[in-house]
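Quantities reported herein were computed from a predicted structural model and do not represent experimental measurements. Throughout, numbering of the chain's residues begins at 1 and tracks the sequence.
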Amino acid sequence: MPDKRASTKDDRLTLIAISALGCILQDVLHEGLGHGVTAWLSGAHRVTMSTVALQSDIETRLISAAGTIVNLIFAGIFWLLLLRPQRYRPATRYFLVLAMAGNLFTGTGYFLFSGVFDFGDWAAVIRGLQPHWAWQLGLALLGLVSYYGAMLVVTAKVAAFQTFQENDKSWRRLRDLCWTPYFTDGTLAGLAALFSPLGLFYMIASALPSTLGANSGLLSLPGMIRGARPTQEEPVGPIRRSAAWIATALVGSLLFISVLGRGITWSR
């Protein structure tokens with residue numbers, strides 16, 4: 001007889017693939033659609049986009065803020081798509097949840113990161129505003145409150161993947177679903193940053209904080225969900241092995257590391 005336990009287990013390779021695609025999407029939205037398109041429309045003559053930063057021959061507060069703004073807008077779009085989650089297959093639903101989470105955590109995490117360390121996109125936004133310490137403190141507080149709110153939003157969506165058969169198995173599933181994207185994103189971002197023309201500093205100061213730091217909420221989600229009230233929604237079924245997700249992630253990851261990692265330049 002077939003092993004029922006094996007048939008209800010999420011496929012680890014597919015989880016990694018979906019996690020990688022969520023990471024790539026969040027980064028391209030932030031650096032490309034956010035910073036890059038805004039810089040181009042603002043009149044930049046030369047724009048270089050990589051996985052760790054956007055460089056252009058002009059700098060404005062709007063360009064610096066645009067990456068976060070785009071992340072938060074798309075987080076809202078993914079949240080809207082998840083209002084009717086039953087129409088999606090488990091793998092697609094998992095991708096939408098990760099896409100929402102990645103954009104939410106990056107968007108709100110940047111407020112906190114720039115407020116605490118006075119570095120990054122929003123440090124550039126408040127540069128020159130006085131009293132600087134007050135703006136920096138306000139940015140940190142905004143980040144703290146908004147990041148916690150983001151965790152509550154993501155918790156509500158991830159909770160549907162919780163099973164109620166056995167507590168240990170349920171916790172292990174939540175751990176796999178939340179921790180897999182955390183370590184996948186960090187590995188992918190780190191590998192791509194190694195090819196960056198900006199050097200090792202941006203890997204340490206930008207690539208890793210924007211992934212491992214911003215996504216650190218994923219590590220706490222299983223515990224938060226475990227202590228929350230059970231959802232009335234039917235638990236999401238297992239995420240099966242999918243050659244389509246795996247192949248797409250493989251191609252996307254190779255391009256992300258070898259092409260976007262090195263940087264793409266547009267000029268006019």
Engineer: Is W135 close to Q130 at the side-chain level, that is, under 4.5 Å between some pair of heavy atoms?
Structural biologist: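 The answer is no; the side chains never approach within 4.5 Å.
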Engineer: Indicate yes or no: at least one non-hydrogen side-chain atom of P222 is less than 4.5 angstrom from one of W179.
Structural biologist: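 The answer is yes; the side chains approach within 4.5 Å.
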Engineer: How about H30 and H35: do any of their side-chain heavy atoms sit closer than 4.5 Å?
Structural biologist: yes
Engineer: Taking all atoms of both residues into account, what is the closest heavy-atom pair of T108 and S146, and its distance?
Structural biologist: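 Smallest interatomic distance, heavy atoms only, reads CB-OG, 3.4 Å.
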Engineer: Just by modelled atom types, is the W171 backbone N or O under 3.5 Å from a matching donor or acceptor in the R175 side chain?
Structural biologist: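 Absent.
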Engineer: Which value, rounded to the nearest 0.5 Å, describes the distance between H132 atom NE2 and I126 atom CD1?
Structural biologist: 4.5 Å
Engineer: Just by distance, do the side chain of T180 and the backbone of L177 share a donor-acceptor pair under 3.5 Å?
Structural biologist: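 No, the answer is negative, given that no donor and acceptor are paired below the 3.5 Å cut-off.
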Engineer: How far does CG of D10 sit from CZ of R172, to the nearest 0.5 angstrom?
Structural biologist: 12.0 Å
Engineer: Using modelled atom types only, decide if a donor and an acceptor are shared between the side chain of N215 and the backbone of Y182 within a distance under 3.5 Å.
Structural biologist: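 A pair under 3.5 Å: no.
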Engineer: Treating Y88 as the side-chain partner and L81 as the backbone partner, does any N or O pair qualify as donor plus acceptor under 3.5 Å?
Structural biologist: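 Checking the backbone N and O of L81 against the side chain of Y88, a donor-acceptor pair under 3.5 Å is found.
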Engineer: What are the two closest heavy atoms between A20 and A249, and how far apart are they?
Structural biologist: CB-CB, 4.5 Å
Engineer: Are I73 and L98 joined in one hydrophobic group, where the rule is that I, L, V, M, F, W and Y side chains link up if heavy atoms are under 4.5 Å apart?
Structural biologist: yes
Engineer: Closest heavy-atom contact between V47 and G36?
Structural biologist: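 What the structure gives for the nearest pair is CG1-CA, 4.4 Å.
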Engineer: I would like to know whether C178 and F161 meet side-chain contact (heavy atoms from CB on, under 4.5 Å); could you show each step before the answer?
Structural biologist: CA-CA 11 Å; C178 294; F161 289 85; over 6 Å; no
Engineer: Any non-hydrogen side-chain atom of L218 less than 4.5 Å from a side-chain atom of L221?
Structural biologist: yes
Engineer: What distance do I24 atom CD1 and L260 atom CG have between them, rounded to the nearest 0.5 Å?
Structural biologist: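 If I round to the nearest 0.5 Å, the distance is 9.0 Å.
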Engineer: Are K157 and L96 close enough that some pair of their side-chain heavy atoms sits under 4.5 Å apart?
Structural biologist: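 A side-chain contact is absent here, since even the closest heavy-atom pair is not under 4.5 Å.
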Engineer: Where do R268 and W40 land on the side-chain contact (heavy atoms from CB on, under 4.5 Å) test, with the steps shown first?
Structural biologist: CA-CA 10 Å; R268 57 183 172 188; W40 192 258; 3.4 Å; yes
Engineer: Just how far is it from atom SG of C23 to atom CD1 of I16, taken to the nearest 0.5 Å?
Structural biologist: 13.0 Å
Engineer: Give a yes or no answer on whether the side chain of W122 reaches the backbone of A65 with a donor-acceptor pair at less than 3.5 Å.
Structural biologist: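 Checked: no pair found.
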Engineer: Quick one: do V251 and V28 end up in the same hydrophobic cluster if we chain Ile, Leu, Val, Met, Phe, Trp and Tyr together by side-chain heavy atoms under 4.5 Å apart?
Structural biologist: yes
Engineer: Would you call the rings of F117 and F113 parallel, tilted or perpendicular, where under 30° means parallel and over 60° means perpendicular?
Structural biologist: tilted
Engineer: Verify the cluster assignment for L72 and Y148: are they in a single hydrophobic cluster under the rule of side-chain heavy atoms below 4.5 Å apart?
Structural biologist: yes
Engineer: How about T68 and T106: do any of their side-chain heavy atoms sit closer than 4.5 Å?
Structural biologist: no
Engineer: Taking all non-hydrogen atoms of both residues, which atom of L112 and which atom of A140 are closest, and how far apart?
Structural biologist: CD1-O, 3.5 Å
Engineer: For the residue pair T14 and R241, what are the closest heavy atoms and their distance?
Structural biologist: OG1-CA, 3.3 Å
Engineer: Run Y94 and L15 through side-chain contact (heavy atoms from CB on, under 4.5 Å) and show every step you take.
Structural biologist: CA-CA 9 Å; Y94 181 57; L15 295 185; 3.6 Å; yes
Engineer: Same cluster for I77 and W79 if Ile/Leu/Val/Met/Phe/Trp/Tyr side chains link at under 4.5 Å?
Structural biologist: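 They do share one cluster, since a chain of ILVMFWY contacts under 4.5 Å joins I77 to W79.
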Engineer: In the single-linkage hydrophobic clustering (I, L, V, M, F, W, Y; side-chain heavy atoms under 4.5 Å), do L25 and I246 co-cluster?
Structural biologist: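 No: no chain of side-chain contacts under 4.5 Å links L25 to I246.
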Engineer: Please round to the nearest 0.5 Å and tell me the distance separating atom CZ of R46 and atom CD of Q55.
Structural biologist: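 Answer for the CZ-CD pair, R46 versus Q55, is 9.0 Å.
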Engineer: Please determine whether side-chain contact (heavy atoms from CB on, under 4.5 Å) holds for the pair Y110 and V125, giving the CA-CA distance in whole Å, both sets of side-chain angles, and the decisive distance to 0.1 Å.
Structural biologist: CA-CA 11 Å; Y110 245 120; V125 172; over 6 Å; no
Engineer: Looking at G261, is its backbone amide N or carbonyl O close enough to the side chain of S50 to form a donor-acceptor pair, meaning the two atoms are under 3.5 Å apart?
Structural biologist: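 Not at all, since once roles are kept as given, no pair shorter than 3.5 Å links the two residues.
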Engineer: Are the side chains of V154 and M100 in touch, meaning some heavy atoms are under 4.5 Å apart?
Structural biologist: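 A side-chain contact exists here, since the closest heavy-atom pair is under 4.5 Å.
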Engineer: I want to check something: taking the side chain as every heavy atom from C-beta on, are I58 and H45 in contact at a cut-off of under 4.5 Å?
Structural biologist: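 Side-chain contact under 4.5 Å: no.
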Engineer: When rounded to the nearest 0.5 angstrom, what distance separates CD in Q26 from CG in L104?
Structural biologist: 11.0 Å
Engineer: Would a distance-only check, ignoring hydrogens and angles, find a side-chain to backbone donor-acceptor pair under 3.5 Å from R240 to A91?
Structural biologist: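 No; judged by distance alone, with no hydrogens or angles, the pair does not exist.
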Engineer: Looking at every non-hydrogen atom in both residues, tell me the closest pair between G34 and A66 and how far apart they are.
Structural biologist: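 Closest heavy-atom pair between G34 and A66: O-CB, 3.3 Å.
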